Amino acid sequence: MTVTVTGLVRRFGAATALDGVSFALAEGEFAALLGPSGSGKSTLLRILAGLEGSEAGEVRIAGRSMAGVPARARNIGVVFQNYALFRHMTIFENVAFGLRVRPRAARPDRAETARRVRELLQLVQIPELERRYPDQVSGGQRQRVALARALAIEPHLLLLDEPFGALDALVRRDVRRWLRGLHDRLGLTTLLVTHDQEEAMELADRVAVMERGRVVQFDPPAALLAAPATPFVAGFIGHAARLEGEVRAGVLRFGSLPLPPLRAALPDGPATAFLRPGAVVAEALAEAPGGAPPAAIELLRVTAEGERRAVLTLGGVTLEARLAPGSEARAARGAPCRLHIAGAQVFGAGGGRAEARPLRAAPVL
Amino acid sequence: MSAGTLPLPTRGVRVRAIPGFGLSLGITLLWLGLIVLLPLATLLVRPWELGLAGVWDSVTEPRVLAALRLSFGAALLAAAIDLPLGLLLAWAITRLRFPGRGLLDAAIDLPFALPTAVAGIALTALLAPNGWLGALLAAAFGWRIAFTPWGIVAALVFVGLPFVARTVEPVLRDTGPEAEEAAATLGASRPQTLARVVLPALWPALLAGFALAFARAVGEYGSVIFIAGNMPLVSEIAPLLIVVRLEQFDYAGAAAVGLAMLLLAFPVLLGLNLLQRALRRGRA
Amino acid sequence: MSERPGIADPAWVRALLAGAALLVGLLLLALPLAVVFAEALRRGWGVATAALADPDTLSAIRLTLLVAAITVPVNLVGGLAAAWCIAKHDFPGRRLLTTLIELPFSVSPVISGLVFVLLFGLQGWFGPWLQARDIQIVFALPGLVLATLFVTFPFVARTVLPLMQEQGRTEEEAAATLGASGWQVFRRVTLPNVQWALLSGVLLCNARAMGEFGAVSVVSGHIRGQTNTVPLHVEILYNEYQFAGAFAVAALLALLGLATLAAKTALERLTGRRLGEGTGDAA
C-alpha cells in the first residue's frame with residue numbers, strides 16, 4: 001500500500017520530536033528512516049502504528065486517512081525494538097495471536113490457524129521452534145518470530161523498529177540480507193527505522209534522513225552519497241570529516257592546514273567541506289618537506305577489511321586517510337606525510353553545494 | 001523509547017495505544033469512591049456537628065489528650081526500636097549464611113500474617129506476670145510489661161518489625177557487596193566502609209520503614225487492647241477511645257478523635273517523607 | 001560471605017550477628033506463635049476441639065468465610081482494574097490515584113470501621129433513611145463486608161501494580177497492533193504475565209479479610225451466632241476467661257496465617273521476587 005505523511009508535528013513538553021514531517025512511500029517499497037537517536041524517528045513510527053498521536057499533520061495509508069483509527073484497526077505489522085514477544089506464550093501461540101483475536105466472523109478455525117502459523121514459521125525458517133518459549137531461543141530467532149507474528153495479520157504495511165539492535169554483529173549481516181530477500185519475495189511496503197547507516201544503505205530502496213524532527217532528504221543510498229542535500233546529511237552519511245575553508249575564484253583552500261586546494265564551483269566566501277575516509281590519501285614521506293608545517297600520522301589502524309589507514313588531526317578535526325601505494329613502508333606513527341584529496345562535498349555559506357575536485361590529478365592515485 | 005518515560009504531550013493529542021482505558025478507569029474510580037473516599041469524607045465532616053469549640057473541647061479532654069499522647073509516643077518509640085532490629089534481620093537474611101536463614105526470612109512476615117487479635121492474646125499470654133517471658137522478666141529485673149504502657153510498646157514493636165526489615169532488605173540486596181568491595185580496594189577499613197558506603201545508602205529506606213511502622217502502630221488496635229490494660233489516662237490508646245465513644249453513641253466525638261489522629265499523624269509522615277526525599281536527592 | 005574475602009567481616013562478628021538475628025526471630029516472632037498453640041493445647045486436645053466444634057464457633061467460621069467470599073472477588077476486580085489503568089495507560093492524576101489506593105493502609109482499622117458507622121449507623125448520614133426502610137447495615141453482614149472491603153482494599157492493586165509497571169507496555173502495544181481488543185489484551189497478555197503476583201495478592205487479601213479485627217469489631221455489634229466473625233469470637237472467649245477455647249480458635253487463625261505465609265513464600269520462590277505488603281516505597 002502507499003503511505004503518505006504530510007506535515008506531522010509532535011511535541012513532548014518543550015521538546016519537539018516531529019517538526020512537520022512529510023514523505024510518501026510507494027507500493028512495495030522498502031524504505032528506511034535514518035537518524036541519530038532523538039531525531040524523532042521512533043515517534044514517527046509509533047504515530048504510523050497508531051500508538052502515538054500527533055498535534056498536526058496527516059497519515060494516509062492506501063489513500064485512507066488514519067485519523068481516529070486505533071492501532072488495532074490499522075492492520076499494520078510492527079516488529080518492535082526488543083521484539084515485545086509475549087513471554088508466556090509459545091512461539092506458535094505468539095504467531096497465532098493476531099489470528100485468534102480477530103472478531104469471530106473473521107477468525108480462521110483451528111486447523112486453518114495452525115496451517116497459517118506453520119507456513120509463516122516455514123517462511124522465516126524456524127519451523128522446528130514452534131513449541132519453545134521466547135526465552136528459549138536466540139536473539140536472531142526471536143526476531144524471526146516477531147516478523148512472523150507481524151506478517152500473520154497480512155498487514156498493509158510493515159514497520160521495523162531497530163530490528164537488528166539486539167543482534168550481535170556477525171548475525172546481523174546475514175539477517176539483513178535474508179530480510180531483504182524476503183521483502184523482494186513478498187513485495188510488502190516496508191519502513192525500517194534505524195540509527196545505523198550501513199543497515200539503511202544496504203537494505204533500503206530509499207533512505208529518509210531525519211534531522212531534529214524533519215526529513216531532510218529522502219533518496220536512494222547512492223544519491224545520498226553523491227548529492228547530500230544538507231551539510232548534516234553529508235556529515236552523517238559515510239562518516240565524513242568536516243573541515244572549514246574559504247572559496248576564492250572557484251578554488252577552495254583550507255587556510256594553514258596542510259591540505260591541497262580543491263576546485264569548487266561556489267561563490268566566494270567561507271565554505272564547509274566533508275571528506276570521506278576513502279577520498280583522502282596520505283603519502284608518507286621519508287623526511288618533512290620545507291615550508292609549511294607538514295601533516296603527521298598520528299596512528300595507524302586496520303579496517304575490518306584489512307586495509308591500513310592513517311589517522312591524523314588537522315585543526316582539531318580527526319581525519320582518516322588511505323595510504324598511498326608505495327609509501328606504506330614509510331608509514332609509521334609520527335611520520336610526516338603529504339595529503340591528497342580525491343573529492344569532497346562542499347557547502348557554501350549561502351547554502352550552495354558543489355562537488356569539489358583536485359586542481360590537478362595526484363600522481364600517486 | 002518507551003512511552004512511559006516521555007513527558008505527557010502538550011495538548012489533546014494523546015492516542016490510547018492500548019485499548020480498554022475508559023472501562024478500567026471507571027471501575028477504579030467507582031471502587032475507590034464508594035469504598036474509600038465517600039466513607040473517609042464523613043470523618044472530615046461529622047466532627048463539626050459539635051461546632052468548632054465543641055470539637056476543640058472534645059479532643060482536649062484530659063482523657064483524649066492522654067490517649068493521643070500514649071498512642072503517638074508508644075508508636076514512635078516502637079518504630080525507633082524496630083529500626084535496629086529490622087536492620088539486623090535484613091542484614092542477616094541478605095548478607096549472612098547460617099542454618100535457619102530461610103526460616104528466619106519467612107518468619108519476618110509473621111506479624112503481617114498473624115491476625116491482630118491472635119497476636120494480641122499471644123503477646124499478652126507471653127508477657128503476663130505468669131507468662132513464659134513475663135515471669136522471667138519479673139523474676140530477673142522486677143519488670144512488669146503486660147497491662148502497662150510497656151506492653152503497648154512491645155505489641156507495637158511486634159507489628160512494626162517487618163515494615164523496617166522488608167523496606168531495608170531490597171536496598172541491602174541492590175547495593176550488593178560490589179560497592180563495599182570497591183571501597184575496600186580504595187583502602188577503606190571495614191568500619192569506614194560501613195559508615196561511609198553502607199549506612200548512607202540505607203538511610204532513606206530506614207526512614208521509609210520507620211514511617212511505615214509508625215503509621216501502622218499509631219492506629220493499631222487488635223494486638224494492643226489485650227495487653228494494654230486499658231486504664232483511662234494511663235494505658236488507654238486513642239483507637240480504643242473511639243470505640244468507647246461509639247459505644248456511648250457519641251458519633252461526633254468519636255469522629256473528632258479519629259480526625260485528630262489523622263491530622264496529628266499527617267505532619268509526622270510528611271516530615272519523614274520530606275527527609276527521605278532530601279536524603280535521596282543529596283545522594284543523587 | 002566466604003566467597004567475598006575482600007569485605008568479609010571476621011567470623012566472630014558474623015556469628016554474633018547471625019546469633020542476634022536468630023534470637024530476635026525466636027523471641028519476637030517464634031515465641032508468640034508458639035504460645036498460641038501451647039495455650040490452645042494446655043487443657044488437652046479434647047477441650048481445644050470442643051471449642052472449635054461449638055455452634056457459636058462454627059457460625060463464626062461460616063460468617064468469616066461468607067465475608068471473605070464477598071470481599072475478595074470485589075477487591076480482586078477493583079484492584080486489577082486500578083493496576084491495569086495505572087500501569088498501562090497515561091492520564092493526569094496517576095500518582096494521586098496510586099496514593100489514594102494505598103490510603104486504607106495508613107488509616108487505623110478502628111477508623112475504617114468508624115466511617116461506616118458514621119455513614120450507616122443509627123445517627124449516621126443514611127441512618128434514618130435506612131431505618132425507615134428497615135435495612136440494617138451496621139451491626140449486620142453488610143457492615144462487616146464494607147469494613148472488610150475498606151481494610152483489604154489495597155492488597156491486590158499493590159501486589160500486582162509494581163510488576164505490571166516493571167513489565168512495561170510493549171507487549172500490550174504489540175497485541176494492539178495485532179488487532180486485539182482491550183479485553184483481549186488484558187486477558188491474554190497482561191493477566192498471564194502477573195498471574196502469580198495476583199494469586200499472592202488474593203491470598204494476602206483473603207488472610208486479612210478473615211483475620212481483620214479492629215474495623216470489624218466496630219461495625220459488628222458482637223451478636224453471637226449472628227455478627228460474630230472468628231477474630232471477634234476469639235475476643236469474646238478470651239474476655240469470658242475461656243482461655244483454652246480462645247487460643248484454640250486463635251490457633252485456627254494462626255494456621256490460616258501460616259498457610260498464607262507458606263503459599264506466599266512458595267510463590268516468591270517461583271517468581272524470584274518479593275510480593276506483597278511492606279515491600280514497596282513508603283507513601
Side-chain angles (χ1 to χ4, degrees), chain B residues 2-3 8 17-21 24-25 27-28 31-32 35-36 39-40 42-43 46 85 88-89 92 96 98 100 104 106-107 109-110 112-119 121-123 125-126 158 161-163 166 177 180-181 184 208 211-212 215 219 221-222 239 242-243 246 251 254-255 258, chain C residues 4 6-7 14 17-18 20-22 24-25 28-29 31-32 35-36 39 78 81-82 84-85 88-89 100 103-104 106 108-111 114-119 123 149-150 153 168 172-173 176 181-182 185-186 211 213-214 231 234-235 238 246 250 253-254 257 260-261 265 277-279 282:
Chain B
S2 82
L8 289 176
I18 304 166
F21 172 68
S24 62
L25 186 68
I27 294 175
T28 306
W31 180 67
L32 184 70
I35 299 176
V36 176
L40 276 181
T42 60
L43 195 65
R46 282 303 291 265
L85 295 181
L88 174 69
L89 291 177
L96 303 173
F98 54 91
L104 183 66
D109 284 332
L110 258 180
F112 285 154
L114 222 50
T116 54
V118 178
I121 62 169
L123 289 169
L126 194 62
F158 175 79
L161 188 57
F163 287 100
R166 289 295 185 221
E180 291 163 55
E181 285 180 333
L212 287 170
Y221 180 69
I242 294 178
V243 175
L246 272 183
Y251 284 16
Chain C
R4 298 271 186 184
I7 54 160
R14 279 182 283 140
L17 286 173
L22 282 173
V24 170
L28 246 66
L29 303 170
L31 266 188
V35 162
V36 175
E39 292 285 334
W84 154 267
C85 73
K88 306 294 179 185
H89 301 274
L100 289 178
L103 203 55
S106 41
S108 170
V110 170
I111 295 179
L114 166 70
V115 291
F116 291 102
V117 179
L118 295 180
L119 270 180
Q123 300 170 39
L149 275 176
F150 185 98
F153 181 85
E172 282 80 5
E173 287 177 355
S181 67
V185 174
F186 174 75
F213 177 74
V234 171
E235 185 196 21
Y238 187 86
L253 285 173
T260 305
L261 202 55
T265 309
E277 214 179 335
T279 58

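Bear in mind that the values here come from a model prediction, so they are computed numbers and not experimental data.
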Aromatic plane relationship, C:H89 with B:F21 - under 30° parallel, 30 to 60° tilted, over 60° perpendicular: tilted
Taken to the nearest 0.5 Å, the spacing of C:I111 CD1 from B:T42 OG1 works out to 10.5 Å
About how many Å separate CG of C:L29 and CG of B:L89, when rounded to the nearest 0.5 Å? 6.5 Å
In terms of heavy-atom pairs under 4.5 Å with chain C, the winner among B:L85, B:I27, B:I121, B:L40 is B:I121
For chain B, which candidate among C:A18, C:A176, C:P231, C:G25 shows the most heavy-atom pairs at distances under 4.5 Å? C:A18
In terms of heavy-atom pairs under 4.5 Å with chain B, which of C:Q123, C:E235, C:E172 leads? C:Q123
Nearest heavy atoms of B:Y221 and C:G214, plus distance in Å: CD2-CA, 3.5 Å
With a 4.5 Å cut-off on heavy-atom pairs, point out which of C:L31, C:T260, C:V234 contacts chain B the most. C:L31
Which portion of C:V117 sits near chain B, non-hydrogen atoms under 4.5 angstrom: both
Taking B:L161, B:V36, B:L246, B:L123 one by one, which has the highest count of heavy-atom pairs under 4.5 Å against chain C? B:V36
Using a cut-off of under 4.5 Å for heavy-atom pairs, which of B:S24, B:G219, B:G20, B:A122 has the most such pairs with chain C? B:S24
Please look at C:F116 and chain B and tell me whether the side chain, the backbone, both or neither of the residue comes under 4.5 angstrom of a heavy atom of that chain. side chain
Return the option, out of B:G100, B:A92, B:A107, B:A119, with the maximum number of heavy-atom pairs under 4.5 Å with chain C. B:A107
Looking only at heavy atoms, the pair that brings B:A117 and C:F213 closest together is CB-CD1, 3.7 Å
Select one option (side chain, backbone, both, neither) describing which atoms of C:Y238 are under 4.5 Å from chain B's heavy atoms. side chain
Identify which part of C:L100 has an atom lying under 4.5 Å from any heavy atom of chain B, answering side chain, backbone, both or neither. both
Run the side chain to side chain contact (heavy atoms under 4.5 Å, CB included) check on B:L32 and C:F153 step by step: do they pass? CA-CA 9 Å; B:L32 184 70; C:F153 181 85; 3.4 Å; yes
Could you pull out the closest heavy-atom pair between C:L261 and B:A113, with the gap in Å? CD1-CB, 4.2 Å
Gap between atom OG of C:S106 and atom CG of B:L212 - 0.5 Å precision: 9.0 Å
Closest contact, heavy atoms only, C:T265 versus B:A106: OG1-CB, 4.1 Å
Below 4.5 Å, heavy-atom pairs only: which of B:A254, B:A17, B:P239 has the largest tally toward chain C? B:P239
Run the numbers on C:W84 and B:L25 for side chain to side chain contact (heavy atoms under 4.5 Å, CB included), then give the verdict. CA-CA 9 Å; C:W84 154 267; B:L25 186 68; over 6 Å; no
Select, from C:G182, C:G168, C:P109, C:A246, the one with the greatest count of heavy-atom pairs under 4.5 Å involving chain B. C:G182
Contact class of B:Y251 relative to chain C, heavy atoms under 4.5 angstrom: both
In Å, rounded to the nearest 0.5 Å, how long is the span from CZ of B:F158 to CG of C:L28? 7.5 Å
Does any N or O in the side chain of B:R46 come within less than 3.5 Å of the main-chain N or O of C:L118, such that one atom is a donor and the other an acceptor? yes
Interface check, chain B: of C:L103, C:V36, C:L114, C:V185, most non-hydrogen pairs under 4.5 Å belong to C:L114
